[in-house]
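Single-structure report; data block below.
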Amino acid sequence: MVGGSGLRAWGAVLCGLMVVLAALTACAGPYQYYEGTGIHDAMAADVAGSWENVEGTRVVFRKDGTALFERLDGQDFDFDDGWRLSGKGTWQLTDGDGGQVVRLALTARTRAETRSPSTATDTSASEPPSTYAWSFYVDRDQRDELKLFFFYGDPDIGNTYVMTRETGSP
């Protein structure tokens, strides 16, 4: 009988350990371990030009390092606030171990809008920021064309906000 209760005790300890490990890894979504695209060959001239996404966002990266953008949503959890910014900014292409990133900083907000309620998850949306910074990962599509993206919403889910070269843009 003594051996049986010792076995049950070890079983309970192992079961408890499994529950703790499962809880700790449940929040480890793709974004938390994302190290970049591995792209290192893009040039600033490749990024310069007009970009768009399916939600009506438009970003123009000028060759002089300035940018104009319309209806750009927040990244990560800021997306859930539902605001969309238009304005002017500066940008630069950076290269790290995991790949290249385009950093865009808002310098002058010209307009703030609210995304439609069906896509905004926070109904008590906060005041849109007057300054903000985005980090777009640089990647390539199946045709080897550049695309830019950032993660939005809950990082465990891994939703990507993808910008593609605007039709007719070089």
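None of these values were measured; they are calculated from a predicted model.
- Atom-to-atom distance recorded for R111:CZ and F69:CZ is 11.0 Å, nearest 0.5 angstrom.
- The backbone N or O of V138 lies less than 3.5 Å from a partner atom in the side chain of T37, making a donor-acceptor pair.
- Each of L68 and L93 belongs to its own hydrophobic cluster when Ile, Leu, Val, Met, Phe, Trp and Tyr are linked at side-chain heavy-atom distances under 4.5 angstrom.
- The two atoms that bring S86 and E70 nearest to each other are OG-CA, 3.4 Å, heavy atoms only.
- Following chains of ILVMFWY side-chain contacts shorter than 4.5 Å, one cannot reach L106 starting from V60, and the two form parts of different hydrophobic clusters.
- Closest approach of A67 and L104 over heavy atoms only: CB-CD1, 3.6 Å.
- Side-chain contact check for S50 versus F61: every heavy-atom pair is 4.5 Å or farther apart.
- Here the shortest heavy-atom pairing between G49 and R165 reads CA-NH1, 3.5 Å.
- Distance check: T160 OG1 to F136 CZ gives 12.0 Å after rounding to the nearest 0.5 Å.
- Contact annotation: the side chain of N53 never approaches that of T164 to less than 4.5 Å [non-hydrogen atoms, C-beta and beyond].
- Here the OH-CZ distance, from Y152 to F77, works out to 13.5 Å after rounding to the nearest 0.5 Å.
- L72 and F150 make their closest contact through CD1-CE2, 4.3 Å (heavy atoms, listed as atom of the first residue, atom of the second, distance).
- Ion pairing of K147 with E145 is absent here, as no side-chain N (NZ or NE/NH1/NH2) approaches a carboxylate O to less than 4.0 Å.
- Pairing each heavy atom of P128 with each of L85, the nearest pair is CB-CD2, 3.9 Å.
- Residue Y137 holds its OH atom at 10.0 Å from CD of E35, rounded to the nearest 0.5 Å.
- A cation-pi arrangement, defined by a distance under 6.0 Å to the six-membered ring centre and an angle within 45 degrees of its axis, is present between R115 and F79.
- Listed by first and then second residue, the side chain to side chain donor-acceptor pair (under 3.5 Å) pairs that reach into residues 101-110 are R103-S135, sequence neighbours excluded.
- Side-chain atoms of D81 do not come within 3.5 Å of backbone N or O of W83 as any donor-acceptor pair.
- Put simply, the side chain of R71 never gets that close to the backbone of T57: no donor and acceptor are under 3.5 Å apart.
- A salt bridge is absent between D64 and R62; no separation between the charged side-chain nitrogens and carboxylate oxygens falls under 4.0 Å.
- Taking the side-chain hydrogen bond (donor to acceptor under 3.5 Å, both in side chains) definition, one finds that D41 meets it with R140, sequence neighbours left out.
- Taking the six-membered ring wherever Trp is involved, the centroid distance between the rings of W134 and Y161 does not fall below 6.0 Å.
- Looking at Y132 and D78, their side chains do bring a donor and an acceptor atom within 3.5 Å of each other.
- For the side chain to side chain donor-acceptor pair (under 3.5 Å) condition, the pairs that include at least one residue of residues 88-97, sequence neighbours left out, are H40-D95.
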